[in-house]
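What's counted below: heavy atoms across the whole structure, side chains too, no hydrogens, waters or symmetry copies. Positions are given from 1, in the same order as the sequence printed here.
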Amino acid sequence: MTRLRLRSVLLRCCLLGALISATGPSRAAPPPGGSPPAAAALRQQARIAFFGRRWADAEARFEAALAAPDAAGMTEVQLAEVLGYLGLSELEQGKHREAAEHLGESLEHGAALKEPLVRRFTTGFNKALEHVGRIYVAAAPPDAEVLLDDEPIGTGATVLELFVDPGKHTLRARLPGYEELSHRVEIAGGATVGATLTLSRVAPPPPPAPEPSAAKRGPVAPAAAPPGPWASWPGTLRIAGLAVTTAAISSGTVFMLRANVLDGDIDERGDGLNRDPAWTSDACSQVPQPSACPELHRLRVQRDTSRALGAALVATGVVVGAATVVSFFAGSSSPRAKAAPAALHVLPVTTAQQIGVVALGAW
């Protein structure tokens, strides 16, 4: 009986020790490889939401991936894919302006993407452009700040490409020491316009005229007779020549820059097509044509038109400017010739249908 009781006590002690060891504190082993980076995890979640057609969820997660602390570590391919899928998510929700911006940024890295993704993002970009307007803005001096609808968008150091909703928009340029310039633009969906904002320096205030004393006042001279109707026509023509020169060269520069952008687009698409084994150099002369041929033809026509129009405008500006300079030398030979003060602000304006110039000032 005593042995049985002793065995029972020993058995209970063993069970109690096992229970204590099982419930005691323990450290869980860390997962192998550690936690994934924040940007990589967000990209994976965003892709799952995108292919699940949860567009708003995909948009939010792609934007979070771009804003993640380790987003700078993304490769060029990963960045291009995130921007492209973000643009497609916005396009599905009818956010055409945001879609055009993100898809355009993605296609700037198109050389790093595979051909199917380039085609998909290009198709989405063209669909978004049908519902938004595109504005090319040039400003001078280069450090002038450019604003669109009172929101800063950059400086005049580069030609800015802006995607806007159809309607009326206000472009402004400002710089300390210069007169602020404002330009109103009205654009329709699918249209492209250009604008040049050239600032003028603020004229210093004239010094105050000394007040003559009563003792020093002499006889009042008779008022000069007003000039005849033809007295100021040379100065007017010279100012008009300067205005035409500035407008023509500025507008021509915008069109030639546009032609260079289109030329780059054509080269990128051509490089992408050349990587396709089924593509040949005479593919567009075959019947039926591949789907990419009409788009390439349209881009080439736009590029050639912009280049020809830009060259014509620059040449016109050079000719008119040369004639204006010659008129200054011819007019300075007269002993009675006097320079008339003039203040002139020239605003060249170009649209998809016409080209013009607005001159503000007095002469």
Side-chain angles (χ1 to χ4, degrees), residues 134-144 146 154-161 171 173 175 178-179 181-183 185 192-201 203 230 232-267 299-334 337-363:
R134 183 159 49 178
I135 305 175
Y136 289 94
V137 184
D143 49 349
V146 182
T155 66
T158 59
V159 177
L160 301 173
E161 182 182 32
L171 292 167
L175 183 65
Y178 290 79
E179 295 183 1
L181 185 61
S182 178
H183 180 54
V185 175
T192 299
V193 300
T196 303
L197 307 177
T198 304
L199 301 183
S200 302
R201 284 190 175 274
W230 301 101
S232 63
W233 71 268
T236 303
L237 289 180
R238 289 168 185 165
I239 294 172
L242 292 175
V244 172
T245 300
T246 303
I249 293 178
S250 300
S251 301
T253 302
V254 171
F255 277 102
M256 295 181 78
L257 289 172
R258 170 61 179 156
N260 289 337
V261 172
L262 289 171
D263 202 24
D265 291 345
I266 292 172
D267 290 341
L299 289 175
R300 291 192 183 103
V301 171
Q302 289 183 357
R303 177 199 61 189
D304 295 342
T305 303
S306 298
R307 183 170 294 164
L309 187 55
L313 286 171
V314 171
T316 302
V318 170
V319 172
V320 175
T324 304
V325 171
V326 170
S327 73
F328 276 102
F329 286 103
S332 63
S333 61
S334 173
K338 290 180 67 176
L344 182 68
H345 306 287
V346 180
L347 309 179
V349 180
T350 60
T351 67
Q353 292 80 20
Q354 57 187 344
I355 303 171
V357 58
V358 177
L360 303 178
W363 50 82

Open item on the list: Once rounded to the nearest 0.5 Å, what's the spacing between atom OG of S200 and atom CG of L181?
Closed with: 8.0 Å
Task: Nearest-0.5 Å distance that lies between atom CG in L197 and atom CG in L175 - done: 12.5 Å
Task: Rounded distance [0.5 Å steps], CG in L160 versus OG1 in T155 - done: 7.0 Å
Task: Nearest-0.5 Å distance that lies between atom CG in L313 and atom CZ in F255 - done: 6.5 Å
- [ ] Name all residues meeting the side-chain hydrogen bond (donor to acceptor under 3.5 Å, both in side chains) criterion together with R307; count only those two or more places apart in sequence or in a different chain, and write none if there are none.
- [x] none
Task: Nearest heavy atoms of G317 and I249, plus distance in Å - done: CA-CG1, 3.9 Å
Task: Qualifying residues under salt bridge (charged side-chain N to carboxylate O under 4.0 Å, His left out), relative to D304, sequence neighbours excluded - done: none
TODO: Looking only at non-hydrogen atoms, find the nearest pair between T253 and V314 and report the distance.
DONE: N-CG2, 4.2 Å
- [ ] Look up atom CG in D263 and atom CE in M256, then write down how far apart they are to the nearest 0.5 Å.
- [x] 11.5 Å
Task: Closest heavy-atom pair and its distance - P141, L199 - done: CD-CB, 4.1 Å
Open item on the list: If you compare all heavy atoms of L171 against all heavy atoms of A195, which two are closest, and at what distance to 0.1 Å?
Closed with: CD1-CB, 3.9 Å
- [ ] Write down the atom of S306, the atom of R258, and the distance for their closest heavy-atom approach.
- [x] OG-CG, 3.8 Å
Open item on the list: Within this structure, what is the CG-CZ distance for the pair D265 and R300, rounded to the nearest 0.5 Å?
Closed with: 12.5 Å
